[in-house]
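A quick write-up on the structure given underneath.
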Amino acid sequence: MTELNTATGGGLLSREEMDAARERLPIVYVDVVPVRVDEEGTVVAVGLLLRAGEDGQIKRALVSGRVLYHERVRAALLRHIEKDLGPLALPQIPPAPQPFTIAEYFPTPGVTPFHDPRQHAVSLAYVVPVEGDCAPQQDALELTWFSPIEARDPVVLAEFENGQSTLLLQALAHLGV
């Protein structure tokens, strides 16, 4: 995990400060679609989390989280993958990662396919191969590996909230699977 050393305590804000920032500024996030690839680089499985949703229901989710002040995007990717998939996930992130798309989450439903009632957020979305042992951590309840075909199932897609199913479909299309 990457250490942050800044004058602002690692970029962490109090709940009140974060709420105030969310009311005034777009916040930068990363969304990650973890995948398993075979020896030829073909995606054979997609990892999807189960989390308790904002309404208390259990929902599917991608690895996701905020980029902290003074944190590189690559470090944020590593931090959130470790937070959700565990320290032995062994993500294969290139030195200069490139997102496959950018998602804009708005507090007003319907502006884009992505909705976050708390804030306007801009999320850089990545597909990241993981090679190690993955186990759900912190608020992730379960990690399930789906084949690319299974991940497209309307029943699975309906388990997502806030438009993350759209990101998953975009990732699969980007990968050609």
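Predicted model only: the values in this text are computed from it and were never measured.
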Q.
Tell me the closest heavy-atom pair linking P107 and P117, and the distance in Å.
A. CB-O, 3.9 Å

**Q.** Flag side-chain contact, heavy atom, 4.5 Å: L168 against L48
**A.** yes

Q: Look up atom CG in L25 and atom CD in Q119, then write down how far apart they are to the nearest 0.5 Å.
A: 10.5 Å

Q) Does D133 CG have over 12 foreign heavy atoms under 6.0 Å away? A) no

Q. Does P94 offer a backbone N or O that forms a donor-acceptor pair with the side chain of R74 under 3.5 Å?
A. yes

Q | Heavy-atom closest contact (K83 atom, D139 atom, distance) | A | NZ-OD1, 4.5 Å

Q) Roughly how far apart are R60 CZ and L157 CG, rounded to 0.5 Å? A) 10.5 Å

Q) Does V130 reach the side chain of R36, with side-chain heavy atoms less than 4.5 Å apart? A) yes

Q. side-chain contact (heavy atoms from CB on, under 4.5 Å) between I81 and Y126: does it pass, once the steps are laid out?
A. CA-CA 11 Å; I81 291 168; Y126 298 86; over 6 Å; no

Q.
Starting from L85, can I reach L90 by hopping between I/L/V/M/F/W/Y residues whose side chains sit under 4.5 Å apart?
A. no

Q.
I'd like to know whether S123 forms a side-chain contact (heavy atoms from CB on, under 4.5 Å) with F114, so could you lay out the CA-CA distance, the side-chain angles of the two residues, the decisive distance to 0.1 Å, and finally the verdict.
A. CA-CA 10 Å; S123 182; F114 311 103; over 6 Å; no

(Q) Hydrophobic clusters here meaning ILVMFWY residues chained together by side-chain heavy-atom distances under 4.5 Å, can you tell me if W145 and V44 are in one? (A) no

**Q.** Heavy-atom side-chain proximity of E150 to V156 below 4.5 angstrom
**A.** no

Q: Mind checking the OG1-CD1 spacing from T112 to I102? Nearest 0.5 Å is all I need.
A: 12.5 Å

**Q.** Chi angles and distances behind the side-chain contact (heavy atoms from CB on, under 4.5 Å) call for R79, E71
**A.** CA-CA 10 Å; R79 181 170 56 83; E71 181 179 42; 2.8 Å; yes

(Q) Return the CZ to CD1 distance between R51 and I58, rounded to the nearest 0.5 Å. (A) 11.0 Å

Q: May I ask you to test the Q170-P113 pair for a side-chain heavy-atom distance under 4.5 Å?
A: no

**Q.** Between OG1 on residue T42 and CG on residue L175, distance to nearest 0.5 Å
**A.** 10.0 Å

Q) Can you find a pair of side-chain heavy atoms, one from S64 and one from H80, that are under 4.5 Å apart? A) no

Q. What are the two closest heavy atoms between Y29 and R118, and how far apart are they?
A. OH-NH2, 3.7 Å

**Q.** Sub-4.5 Å side-chain heavy-atom contact between L77 and P91
**A.** no

Q) Can you name the closest pair of heavy atoms from A52 and L141 and give their distance? A) N-CD1, 4.0 Å

Q: Could you tell me whether the side chain of V111 reaches within less than 4.5 Å of the side chain of E104, counting heavy atoms only?
A: no

Q. Y105 and L167: which non-hydrogen atoms are nearest, and at how many Å?
A. OH-CD1, 3.5 Å

Q: Please assess V128 against Q92 for the test side-chain contact (heavy atoms from CB on, under 4.5 Å), listing each intermediate value before the final yes or no.
A: CA-CA 6 Å; V128 177; Q92 304 303 299; 5.6 Å; no

Q. Under 3.5 Å, is there a donor-acceptor pair between the side chain of H115 and the main chain of F106?
A. yes

Q | D116 side, atom CG; T108 side, atom OG1 - distance, nearest 0.5 Å | A | 11.5 Å

